[in-house]
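The chains referred to below are lettered A, B, ... by the order of the sequence lines, with proteins before strands, and numbering in each begins at 1. Bear in mind the structure is a predicted one, so any value in this text is a computation, not a measurement.
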Amino acid sequence: MSDRDHPEHNAPETGPALRVKALEALLVEKGLVDPAALDAIVEQYEYRVGPRLGARVVARAWLDAEFRVRLLNDAVSAIGELGIPSGPEGEHLMVVENTPDAHNLIVCTLCSCYPWPVLGLPPAWYKSFAYRSRAVADPRGVLREFGVELAPDVEIRVWDSSAELRYMVLPMRPDGTENLNEEQLAALVTRDAMIGTGVVRYPAQTARRAAE
Amino acid sequence: MKSHDDYPANDNYADLHAAAPAAFAEPWEARAFALAVELGARGRFGWAAFRSRLIQEIAEADRAGTVAGAGHPRVPDCAARGYYQCWLRALERLALDQGLLSAAEIERRAEAIAAAPPARTLASGHGPIRIA
C-alpha cells in the first residue's frame with residue numbers, strides 16, 4: 001500500500017474510494033465508529049497480525065507434546081497461552097494435524113473465512129473462485145499446482161471454513177530438525193503450510209527458489 | 001501488488017511476515033475492511049449478518065465473473081480483484097438494513113465529497129513543499 005502516502009491529492013474521488021469515504025464520514029458523524037479505532041484496525045492487520053504468529057504456534061506444538069494435545073483439543077485457549085489474542089474470525093478455531101497418512105487443506109467455499117488471529121488476512125488466491133471451487137473438486141490437482149506432490153495413498157481432508165468454525169493446519173515437522181530450537185523451527189513454517197497448500201521443508205529451499 | 005509467488009517458501013522468521021503480500025491493494029480496501037470490523041466489534045451488527053451478505057455479494061460476483069479474473073501462475077483465474085468491492089457492498093447493504101444509514105444520505109455525502117476534493121497541503125497539515 002505504498003500509495004497511501006501519495007494519494008492523488010487533487011483528483012476527485014470516484015468509485016469505491018468515494019463510497020467508502022462517504023460511509024466513513026457519516027458513520028463517524030453519527031458516533032457509530034471511531035476514526036482512531038479504524039486506524040488501529042488497519043495497522044493491526046497490515047503490520048501486526050500475520051502468519052508468523054501461527055508459525056510460533058506450530059513450532060511450540062512440535063516441541064511440546066502436551067501443548068500439542070491442548071492445541072488439537074481446544075485451539076483457542078492453547079493459542080492464548082502463547083499470548084496471541086483472539087479476535088474477529090478467531091473465536092472458533094480448530095487445528096487439524098497432518099500425519100503421514102492424512103493431509104489437511106483449508107478453504108472457505110462461500111467467501112473468505114480464515115483464522116485471522118494466527119494467519120492474518122487471507123491471500124488473494126484464497127478468496128478466488130478458482131481456489132474455492134477447485135480445492136473441493138480437485139484438491140490433489142490444486143496441491144500439485146502449489147508444488148505439493150502427495151503419495152496416492154495419503155488421504156486429503158478438505159475443511160470448509162465457516163462463520164462457526166475456522167481451521168489452521170498443523171503441518172508435519174520435517175526430518176532432520178531435531179536440533180533446531182523453537183525460533184528456528186518457526187522460521188521454517190510457511191503460511192501455505194498452515195493452509196495446507198504447502199508442506200514444511202528442511203533445509204529451507206530459499207537458495208533453490210532464488211535461482212529459479 | 002505481490003503475488004503468491006513472491007511469498008518466500010522458506011525464509012527466516014522475520015522475513016516470513018515482512019515479505020507477506022500486502023493485505024490491501026488500495027487504501028480504500030483497508031478502510032472498508034476496518035469499518036466492518038469496527039462496526040462488528042461495537043455490536044452495531046452481528047458478524048454472521050455481515051458474512052451472509054458478503055457470501056451473497058461474492059456469489060453474485062462469481063456469476064458475473066468479476067472475481068475470477070486474470071491468470072495466476074499456479075492457480076488460474078484468481079486475481080480476486082473484486083473482493084473488496086464485494087466487501088464494501090455487503091457493508092453498505094448491512095448498514096442500510098440495520099438503519100445505521102440511509103441510501104439518500106450516502107448519495108448526498110458521496111456527491112458532496114466528489115464535488116469538493118480535499119485541498120492539497122493546507123487541509124492535510126503538511127509543511128511547505130519548498131523553502132528557498
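Across all non-hydrogen atoms, the minimal contact from B/R109 to A/A25 is NH1-CB, 3.3 Å. Listed here is the closest heavy atom pair of B/A110 and A/L18: O-CD1, 3.3 Å. The two residues B/R51 and A/C108 come nearest to each other via the heavy atoms NH2-SG, 3.8 Å.
Counting heavy-atom pairs under 4.5 Å between each of A/L26, A/L23, A/L121 and chain B puts A/L26 at the top.
B/A32 touches chain A through backbone and side chain together, each having a heavy atom under 4.5 Å away. Of the two parts of A/S162, the backbone and the side chain both hold a non-hydrogen atom closer than 4.5 Å to a non-hydrogen atom of chain B. Interface residue A/E29: only side-chain heavy atoms are found under 4.5 Å from chain B. For A/L32, the parts lying near chain B are the backbone and the side chain together; criterion is any non-hydrogen pair under 4.5 Å.
Between A/L27 and B/E38, every side-chain heavy-atom pair lies at or beyond the 4.5 Å cut-off. B/R31 is listed as a side-chain neighbour of A/D39, based on a closest heavy-atom distance under 4.5 Å. No side-chain heavy atom of A/V20 sits under 4.5 Å from any side-chain heavy atom of B/Y84. Using a 4.5 Å cut-off on side-chain heavy atoms (C-beta onward), A/C111 and B/Q56 make no contact. Using a 4.5 Å heavy-atom cutoff, the side chains of A/I41 and B/F33 are in contact.
Atom CG of B/L54 is separated from atom SG of A/C113 by 8.0 Å, given to the nearest 0.5 angstrom. A distance of 11.5 Å separates CZ of A/R19 from CD of B/Q85, quoted to the nearest 0.5 Å.
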- Take A/V33 and B/L39 through the test side-chain contact (heavy atoms from CB on, under 4.5 Å) and record every step on the way to the result. CA-CA 7 Å; A/V33 298; B/L39 286 168; 3.5 Å; yes

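Using a cutoff of 4.0 Å between basic side-chain nitrogens and carboxylate oxygens, A/K30 and B/E105 are scored as salt-bridged.
Between A/W125 and B/Y83, the distance from one ring center to the other does not fall under 6.0 angstrom.
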